[in-house]
Student: 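Dropping the structure in here first, questions after.
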2 protein chains.
Amino acid sequence: MNKKDAILEAANLLFARKGFKDTSMAEVSKLTGAAEGTIFYHFKTKEGIFLSILEKVKEDITAEFTAYRQAREFRNGLEMMEGAIGFYLHQVSQMEDRFLILYRHYPYELARTNPRCRDNLIAIYECLLDIFEEAIVAGQQDGSIRPGPSRKTAMLVFAMLDGLVRLKIYNLYDAASLYGELLTVCQRILKNP
Amino acid sequence: MNKKDAILEAANLLFARKGFKDTSMAEVSKLTGAAEGTIFYHFKTKEGIFLSILEKVKEDITAEFTAYRQAREFRNGLEMMEGAIGFYLHQVSQMEDRFLILYRHYPYELARTNPRCRDNLIAIYECLLDIFEEAIVAGQQDGSIRPGPSRKTAMLVFAMLDGLVRLKIYNLYDAASLYGELLTVCQRILKNP
DNA sequence: TTCCTAACTGAGTACTCAGTCAGTTTCGGA
DNA sequence: TCCGAAACTGACTGAGTACTCAGTTAGGAA
């Protein structure tokens, strides 16, 4: 791995675990073995590093979820939805450092003034919501999921997942032990009676 | 209002809107009109200010929700639950600066090392979850809500609310326009068929 | 009025941080 | 082998930062 990528990886790890403000360039330098000067040779500013990381986060997440979407086959929309929920939770722990970036305040603060940041965030959330919505629409067509506003329902399910992951991140409750109940609840929300 | 309380209010506002790390004591001093020395006369450290604020957040939130719990009467548990959801969303915008503290990373990071912080956070979440759970248990007794693990269900509903509020805070989607669908979804989760 | 204490002040301190720059090393092509 | 450019270095800078402290003011009791 070249030094530029090593810097991005180290910064991603630190930003994810300690946050943007609480990570100093000295720490990134130490973790990569690159001098501070080298970091600023490759990136103009600390914010620039963050933007490059977010770009990578977007690419990785959209790639993973797009691949999943195309590969898996399901008997119906409802099972597709359950699969998507499981896959999301799986990916959150698999690509923990990528997702932890999104579970912090900084990207959304930056998005207010920086359009590139905003565009990347929107792309990520669109991609995730699209998968849930696609499953709902499919389910509504095959009759496994009841009719209703597909996008809004997708958002509510996603909001629940998001809230659940946060409970775990914040050490308030272990999300895993809620997984069974989560699926039951989602079935109740979606299943065509 | 005495100066000590004024400092707490100003710091609360700034911590809520800009975050703990991004708020300097100089800013707090400017907003209150108190000299920096005065701030450190009343509080040992910046972290100490935060802990006092969190204490106040806990007191305010538990007071509001306990009052609500005792005052309102409902025809059944399901309506009680719907009322609680509406009240939560109402309170989040009513006491915005109090809740925004909780929607940041810092308190949960501090909670890892500071038991006082941890205790306050737990007290807040226990109080909120208790209200939802109380409604569920009541509903299960009067037959309006289907049987099931009340605490876990309360958590999932709360996680959805939490996720929804975040969508709004992060400027990703307006939670208000999902309110109708939210209630429908909650009914499906809870209603005894 | 006197005196003590609590409240308050802001210049000062020691430190951290993002970002710079003059100089060195590495490397690929001629 | 030489050359030029790209990659890399780390000491340095200047702008913050949380917190201190010697001194001033306000308030209340004797």
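Quick note: numbers below take in every heavy atom, side chains included, and nothing from hydrogens, waters or symmetry partners.
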Student: Which nucleotide sits closest to the side chain of A/A34: C/dT9, D/dT9, D/dC8?
Tutor: D/dT9
Student: To check you understand the geometry: which heavy-atom pair defines the closest contact between A/V92 and A/F99, and what is its length?
Tutor: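 In terms of heavy atoms, the two residues are closest at CA-CD1, 3.7 Å.
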Student: Looking only at heavy atoms, which two atoms of A/G33 and A/K3 are closest? And how far apart?
Tutor: O-NZ, 4.4 Å
Student: Is it true that B/E79 and B/K191 have a side-chain N and a carboxylate O under 4.0 angstrom from each other?
Tutor: no
Student: D/dT9, OP1 or OP2 - any side-chain N/O from A/T38 closer than 4.0 Å?
Tutor: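 For D/dT9, OP1 or OP2 has a side-chain N or O of A/T38 closer than 4.0 Å.
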Student: D/dA11 P sits how many Å from A/Y41 OH, rounded?
Tutor: 21 Å
Student: Strictly below 4.0 Å: does A/H42 bring a side-chain N or O up to OP1 or OP2 of D/dC8?
Tutor: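 Indeed, a polar side-chain atom of A/H42 lies that close.
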Student: With respect to B/V28, which candidate in B/I49, B/I7, B/L8, B/L13 satisfies the side chain to side chain contact (heavy atoms under 4.5 Å, CB included) definition?
Tutor: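 Among the candidates, only B/I7 passes.
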Student: Treat primed atoms plus P, OP1 and OP2 as sugar-phosphate and everything else as base, then score nucleotides 13-18 of chain D 5' to 3': B for base contact with protein heavy atoms under 4.0 Å, S for sugar-phosphate contact only, - for none.
Tutor: ----SS
Student: Side chains of B/F20 and B/R104: does their closest heavy-atom pair fall under 4.5 Å?
Tutor: no
Student: Let me know the distance between NZ of A/K44 and C1' of C/dA18, rounded to the nearest Å.
Tutor: 15 Å
Student: In whole angstrom, what separates A/I49's CD1 from C/dG19's P?
Tutor: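 Answer to the nearest Å: 8 Å.
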Student: Do A/L78 and A/D142 touch side chain to side chain, with heavy atoms closer than 4.5 Å?
Tutor: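 The answer is no; the side chains never approach within 4.5 Å.
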Student: Could you tell me the separation between the NZ atom of B/K3 and the C1' atom of C/dT9, rounded to a whole number of Å?
Tutor: 9 Å
